[in-house]
Amino acid sequence: MDKWYEMPGKTGTNVIYSRIRLVRNLKEYPFPGRLTREQSAELSDKLLGGLTGIASLDRMKYRFTHLERMGDLEKTALLERRAVNRSVMKKKDPTGMILSEDESLAILLNGDDHVRIQTLQTGLALETLYERADKIDDYISGRFDYAFDEKYGYLTSFPTNVGTGLRAAVVLHLPMLSRNKNFNSLVADMGRFGTQVRGVYGEGAENFGSLYQISNQKTLGQTEREIIDIVKKAALELDVQERRMRKEYSRRKPVQAADECYKSYGVLKYARRLTRKDGMEFLSQIMTGITDGILTVKEPCSVYGLMLGIQPANLLSLSDHPLDKDELDAARAEFLRRRLPEILEMEN
């Protein structure tokens, strides 16, 4: 089965994917940070065993596993693909995971909280993702009692998640907007509307690929619908501004805009070694070209899926032996040569 991130998104938009995350805790256990190892093992096994029928909700295949028994390479690859969060990578206590075959649904058990439900999908799909996460949430709450307060809502390990326990997020491709001198002011303005913007792969120049995530700041004092509406509205506004700036740039410098896209395609098509930074930056240019109609691909392609594929752990997972830095750069170039979509030649 294809993974969710391999699905081509809607053309003409800079929205890459949406994510919904719900966190919950069980009433009968302390928060994960206060559990003994024995309690952690008991909790993880109880949740894994009690949720074995979850496939009945959507007829999808699921993998039930213990993260602490998983190798570092496999866990890092899951982190790169956004299936797990960074904090669970360091945990030595028993931690469970339920992962759908296409990785669009991940349930972490005894991570930062007892239960972390995450749904993912290409494009702007917050409502659809929330409906799916809410259905999973109802399934779990029908079998386990959540820690809930009439005044504060769902009780969580971190105060920033108390209330709905909902984090709605949209990832956008913002190469032009993020280079604008007013970008920091724009990010600050988003804060006034209750949202926050951060680079997916770091801040500033380190955020190779110009991918940015916008999400809600608060989970308390707002309904789930209000949170989703706020994030959706902010994401659409960023998309509009990015498209407006790119359209103006292409109008003023059409040859330069096209050259950047075609040159990046040429490098990826024939390069024999590529650093992660170069791979991400050239793929970013190709993503821009496809979105703006400068490049026309023969078959639909997920450029974001290629971005995930060239991350170090995912490349190492495809190899049958360890790779040093030079070998990894060579493997990255070969990965892209094999999977880069064919484009139609420009008419003029």
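Using a cutoff of 4.0 Å between basic side-chain nitrogens and carboxylate oxygens, K135 and D138 are not scored as salt-bridged. A salt bridge is defined here as a Lys NZ or Arg NE, NH1 or NH2 lying under 4.0 Å from an Asp or Glu carboxylate O, and E334 with R337 fails to meet this definition.
Proximity of L238 to L186: side-chain heavy atoms (C-beta onward) are separated by under 4.5 Å at one or more points. Proximity of L120 to Y5: side-chain heavy atoms (C-beta onward) are nowhere separated by under 4.5 Å. Proximity of S18 to Q121: side-chain heavy atoms (C-beta onward) are nowhere separated by under 4.5 Å. The side-chain heavy atoms of K232 and V170, taken from C-beta on, include no pair separated by under 4.5 Å.
For the residue pair Q285 and E281, no side-chain donor N or O sits within less than 3.5 Å of a side-chain acceptor on the partner. Between the side chains of R167 and N161, at least one donor N or O sits under 3.5 Å from an acceptor N or O. In summary, the side chains of S104 and R132 do present a donor paired with an acceptor at a separation below 3.5 Å, with no hydrogens or angles considered. Using modelled atom types, one finds no donor on one side chain facing an acceptor on the other under 3.5 Å when comparing E242 with Y212.
Across all their heavy atoms, M176 and M245 have their closest contact at CG-CB, 3.7 Å. In this structure, N314 and E80 approach most closely via the heavy-atom pair ND2-OE1, 2.7 Å. Taking each heavy atom of R19 and L126 in turn, the nearest pair found is O-CD2, 3.8 Å. Shortest non-hydrogen contact noted between P32 and S157 is CD-OG, 3.6 Å.
A side chain to side chain donor-acceptor pair (under 3.5 Å) with H173 is found for one member of S210, S284, S178 and no other, namely S284.
Summarising the local packing, OH of Y152 is surrounded by 12 or fewer heavy atoms from other residues, nucleotides or ligands at distances under 6.0 Å.
A cation-pi geometry, defined here as NZ or CZ lying under 6.0 Å from the six-membered ring centre and within 45° of its normal, holds between R82 and Y201.
Going from atom OG1 of T223 over to atom CD1 of I227 covers 7.0 Å, rounded to the nearest 0.5 Å.
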